[in-house]
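Naming: A, B, ... by sequence-line order, numbering from 1 per chain.
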Number of protein chains: 2
Amino acid sequence: MATRTDASTRREQILKEAARLFAERGFHGVGVDEIGAAVGISGPGLYRHFPGKDAMLAELLVGISGQLLTGGRRRVAEAGAGAAGGPGAVLDSLIEGHIDFALDDRPLITLHDRELDRLRDSDRKLVRQLQRQYVELWVEVVRDVHPELAEPPARAAVHAVFGLLNSTPHLSRPKLPGRTATAALLHAMARGAFASAAEAAAKA
Amino acid sequence: MATRTDASTRREQILKEAARLFAERGFHGVGVDEIGAAVGISGPGLYRHFPGKDAMLAELLVGISGQLLTGGRRRVAEAGAGAAGGPGAVLDSLIEGHIDFALDDRPLITLHDRELDRLRDSDRKLVRQLQRQYVELWVEVVRDVHPELAEPPARAAVHAVFGLLNSTPHLSRPKLPGRTATAALLHAMARGAFASAAEAAAKA
DNA sequence: CCCTCAGGTTAGCGCTCGTTAACCCATTTC
DNA sequence: GAAATGGGTTAACGAGCGCTAACCTGAGGG
């Protein structure tokens, strides 16, 4: 029989392909037949693994939001505990983690801020809550590094930097510099953006 | 009879409501009946003004892209001609224009990078071409201000800053600082992001 | 006074989509 | 060796969609 890891493969395979298709053509733009075809089964076979199309999107979005949040918390705990490098190191770790995610799971990042409104109310509330906690985590760290920033502009700045970091899906692959170069570029830009936000706030 | 400007009002009204609805729930998520209802007529009455639902989206996207490009070109010509303030002033003008657009036409900005793939091939090609020219305009100006930046990272940086500036639709309205404060914040962040990108490039 | 016509209306067609029903077949379990 | 079960199939249904057809109306223009 299939091993434990093989048994979960089919579900994960479906989720992965669904994420790609949803990101490419939008939730309403892809049919269940296409998702099935992408994993080699056809149409209603998916209903052996998921109660419906909505459930796939919900599981994807909840998974992404949760992963981002727990990963961020882990990094804050780790980088904060050592206290080597000061609060700046914590922010660097957060940025690095988000960049890794944006570069490695591009379809998921795309879905994350594009298809939230297609969820059932309860799922949407959950995802929103996870997202909000993730933002608050960032806001605290950013204000630790830049105490001149009041909370509302800090929150706006965090959202803006998310926009910056999540811009990678818009770039056509071949024109990009290498992955590490891109990551370094985005990292520098994020830090610079925060620094300038703090400067502007201090001046005003 | 209706005057010339009144005659165009209904069309514009439809486009405006369609943009809002498309941005809120996605192109496939909105029916023609809803668009009609939003302007006080119902369903198929829209076909007196547009050949189809696709045509509304196409007109919106082409309009946005064209407006951004011509506005950008105008600003480059104006700010570049005076030569007062050097190349930095040109970049500031570009940033300012983009921020105005992002803050004043939030649904359009959302559509702009979200629903491009729902267009007919010819329309999509046109929009892509306009977008590319707009990016190239920015790349030239940015490299004028930061000559250390090679072209590929400059292009990536421009895309990233677009993501930053276009993040405003994600922010819930009431929590934002005032419009001018938000604009100033975004402006500072954009400049800082470019500067840091150039710094990082010079170091590498 | 009729004609035209812009700009609506409602009814309904045809298609696509998500979902269910009914059936099938390996493989495991007792 | 039968029975149960996981994972798949095809057929078909019902709803919703974009769009067309056919009809209506009120305001100019000759």
Side-chain angles (χ1 to χ4, degrees), chain A residues 1-61 111 115 117-121 123-124, chain B residues 1-61 111 115 117-121 123-124:
Chain A
M1 163 205 163
T3 72
R4 166 82 178 71
T5 52
D6 283 354
S8 54
T9 293
R10 179 46 62 97
R11 256 187 80 94
E12 288 167 12
Q13 192 186 3
I14 292 172
L15 284 175
K16 186 178 144 200
E17 293 302 309
R20 185 178 54 81
L21 289 167
F22 288 161
E24 276 174 14
R25 305 213 290 282
F27 179 67
H28 291 296
V30 4
V32 290
D33 289 358
E34 305 180 62
I35 302 173
V39 299
I41 73 183
S42 247
L46 296 172
Y47 287 76
R48 300 287 164 190
H49 303 275
F50 296 93
K53 191 184 163 195
D54 302 354
M56 300 181 206
L57 182 65
E59 188 160 330
L60 284 171
L61 291 183
L111 283 186
E115 307 283 354
D117 306 311
R118 281 69 173 171
L119 256 51
R120 286 182 13 241
D121 275 21
D123 291 325
R124 191 174 54 244
Chain B
M1 166 209 164
T3 72
R4 168 81 177 71
T5 52
D6 283 355
S8 54
T9 293
R10 178 47 61 99
R11 257 186 77 95
E12 288 166 13
Q13 193 187 1
I14 293 172
L15 283 175
K16 186 178 143 201
E17 294 301 309
R20 185 179 55 80
L21 290 168
F22 289 161
E24 275 174 15
R25 305 213 290 281
F27 178 68
H28 292 295
V30 180
V32 291
D33 289 358
E34 303 180 64
I35 302 173
V39 299
I41 73 183
S42 247
L46 296 171
Y47 287 76
R48 299 286 166 191
H49 303 276
F50 295 93
K53 193 185 163 195
D54 301 352
M56 300 181 207
L57 182 64
E59 188 161 328
L60 283 170
L61 292 183
L111 282 186
E115 307 283 355
D117 306 312
R118 282 66 173 172
L119 257 49
R120 288 182 9 243
D121 275 20
D123 290 325
R124 191 172 55 243

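The interatomic distance linking B/Leu21 (CG) with D/dG18 (P) rounds to 12 Å, in whole Å. Rounded to whole angstrom, the span from the CZ atom of B/Arg11 across to the C1' atom of C/dG7 amounts to 14 Å. Atom CG of B/Leu57 and atom C1' of D/dC17 are 17 Å apart (whole Å). One atom, CZ of B/Arg118, and another, P of D/dC17, lie 17 Å apart when rounded to the nearest Å. When rounded to the nearest whole Å, the span between CG of B/Leu46 and C1' of C/dT10 equals 15 Å. Residue B/Phe50 contributes atom CZ, which lies 15 Å from atom P of D/dG18 at whole-angstrom precision. Rounded to an integer number of Å, the gap from B/Ile41 CD1 to C/dA6 P is 16 Å.
The two residues A/Leu119 and A/Leu57 have their closest heavy-atom pair at CD1-CD2, 3.4 Å. The minimum heavy-atom distance between A/Glu115 and A/Gly26, with the atom names listed, is OE2-CA, 3.2 Å.
Regarding contacts with the backbone of C/dA6, every side-chain N or O of B/His49 stays at 4.0 angstrom or more from both OP1 and OP2.
Salt bridge status for B/Arg20 with B/Glu24: present, with a side-chain N to carboxylate O gap under 4.0 Å.
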Evaluate the criterion side-chain contact (heavy atoms from CB on, under 4.5 Å) for residue pair B/Ile41 and B/Arg48; output intermediate values, then yes/no.
-> CA-CA 11 Å; B/Ile41 73 183; B/Arg48 299 286 166 191; over 6 Å; no

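Residue pairs meeting the ring-ring contact (aromatic ring centres under 6.0 Å, His included) criterion with at least one member in residues 9-42 of chain B, sequence neighbours excluded: B/Phe22-B/Phe27.
In this structure, CG on B/Leu60 lies 12.5 Å from NZ on B/Lys16, to the nearest 0.5 angstrom.
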Could I get a table of every N or O pair under 3.5 Å where one atom is in the protein and the other is in nucleotides 18-21 of chain C?
| from | atom 1 | to | atom 2 | distance (Å) |
| --- | --- | --- | --- | --- |
| C/dG18 | OP1 | A/Val30 | O | 3.3 |
| C/dG18 | OP1 | A/Lys53 | NZ | 2.5 |
| C/dG18 | OP2 | A/Val32 | N | 2.8 |
| C/dT19 | OP2 | A/Tyr47 | OH | 2.5 |
| C/dT19 | OP2 | A/Lys53 | N | 2.9 |
| C/dT19 | O5' | A/Tyr47 | OH | 3.2 |

